[in-house]
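What follows is one structure encoded as structure tokens, with my remarks underneath.
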Amino acid sequence: MKLPSDKLTFDALAQWFESLSARERRIVQAGAVLAAILLVFGVLLPLDHSVAQVHERLAKKRNDLAWMQGVAPELAASPQPPSGAGESLIVIVDRSARESGLAGALAGSEPAGPGGLSLRLQKAPFDTLVGWLARLAQQNGIRVDSATIDGAGSPGLVNAALVLHTG
């Protein structure tokens, strides 16, 4: 029996299925089961997993934002002393990075205009990096003009591109 293409109803589908031979019915049933399995395991489960990962990342970013907003007033209220006694920005940054344990993470630096320095750090501990930047601001009056921070694979480690300026 051929299915009418303009009116596909449940009754017409049932009649078509009943008109098939037993072998053809088993093939159609097996195909339906296979299609259902592919739909569940090939589409729905990966989609659900991706959505769950996005929700986790969003919650983590919200927590990070809340923490940053909480410490921002404290950092903004701290006095901004002038740069160290005649030392250049690169010397201050290099010395303080070694003191903070970030010397191994410094991957490169180059001038970024007058009083500026562009830095790249690889696999730096995030908490150490934030503390170091806060100390640079509090002790030397060095501010972060821009920062790009990405995860470095391992939890807590980041790759960062920073532009620092004096004053």
Side-chain angles (χ1 to χ4, degrees), residues 8 28 30-167:
L8 185 60
V28 170
V33 168
L34 183 61
I37 291 171
L38 285 175
L39 178 66
V40 169
F41 289 103
V43 177
L44 297 179
L45 289 180
L47 183 62
D48 183 53
H49 181 69
S50 296
V51 168
Q53 284 180 328
V54 168
H55 282 290
E56 288 175 17
R57 282 184 36 219
L58 181 60
K60 184 180 181 315
K61 289 184 185 286
R62 283 185 177 151
N63 288 339
D64 291 345
L65 177 62
W67 177 82
M68 287 181 198
Q69 288 173 333
V71 298
E74 180 182 332
L75 291 175
S78 65
Q80 301 289 324
S83 262
E87 291 181 307
S88 70
L89 180 58
I90 186 73
V91 171
I92 295 169
V93 167
D94 184 60
R95 178 179 36 81
S96 64
R98 277 186 276 116
E99 291 170 357
S100 297
L102 289 172
L106 279 175
S109 64
E110 53 189 55
L117 184 65
S118 176
L119 297 173
R120 286 184 331 277
L121 292 100
Q122 293 181 338
K123 295 184 180 178
F126 179 76
D127 294 341
T128 305
L129 175 64
V130 171
W132 175 61
L133 293 173
R135 279 189 302 282
L136 281 174
Q138 291 172 346
Q139 297 172 359
N140 304 100
I142 297 172
R143 72 179 191 278
V144 178
D145 274 354
S146 69
T148 302
I149 300 174
D150 298 310
S154 300
L157 296 182
V158 296
N159 294 328
L162 307 168
V163 177
L164 306 176
H165 273 88
T166 55

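- To the nearest 0.5 Å, atoms CD (Q69) and CG (D64) are separated by 11.0 Å.
- Using a 4.5 Å heavy-atom cutoff, the side chains of L129 and I149 are in contact.
- Residues L117 and P111 come closest through the heavy atom pair CD1-N, 4.3 Å.
- The closest side-chain heavy-atom distance from L162 to S146 is not below 4.5 Å.
- Closest approach of G116 and L89 over heavy atoms only: C-CD2, 3.7 Å.
- Note that CG of L45 and CG of L39 are 9.5 Å apart. Values are rounded to the nearest 0.5 Å.
- The distance from atom CG of L106 to atom CZ of R98, rounded to the nearest 0.5 Å, is 10.0 Å.
- Counting only heavy atoms from C-beta outward, the side chains of W67 and V130 approach each other to under 4.5 Å.
- Between the NZ atom of K61 and the CZ atom of R57 there is a distance of 5.5 Å, given to the nearest 0.5 Å.
- Applying the side chain to side chain donor-acceptor pair (under 3.5 Å) definition to pairs two or more places apart or across chains, those involving residues 117-134 are S96-W132.
- Considering only heavy atoms from C-beta on, L164 comes within 4.5 Å of V144 through its side chain.
- Using a 4.5 Å heavy-atom threshold, the side chains of I92 and T166 count as separate.
- Shown here for I90 and S109, the closest heavy-atom pair between the two residues is CD1-OG, 3.4 Å.
- Counting heavy atoms from C-beta outward, R62 and L58 have side chains that approach closer than 4.5 Å.
- Here the closest heavy-atom approach between residue H165 and residue A112 is recorded as NE2-O, 3.4 Å.
- Inter-residue side-chain proximity for V33 and I37 is flagged as met; some heavy-atom pair is nearer than 4.5 Å.
- Salt bridge status for E99 with R135: absent, with no side-chain N to carboxylate O gap under 4.0 Å.
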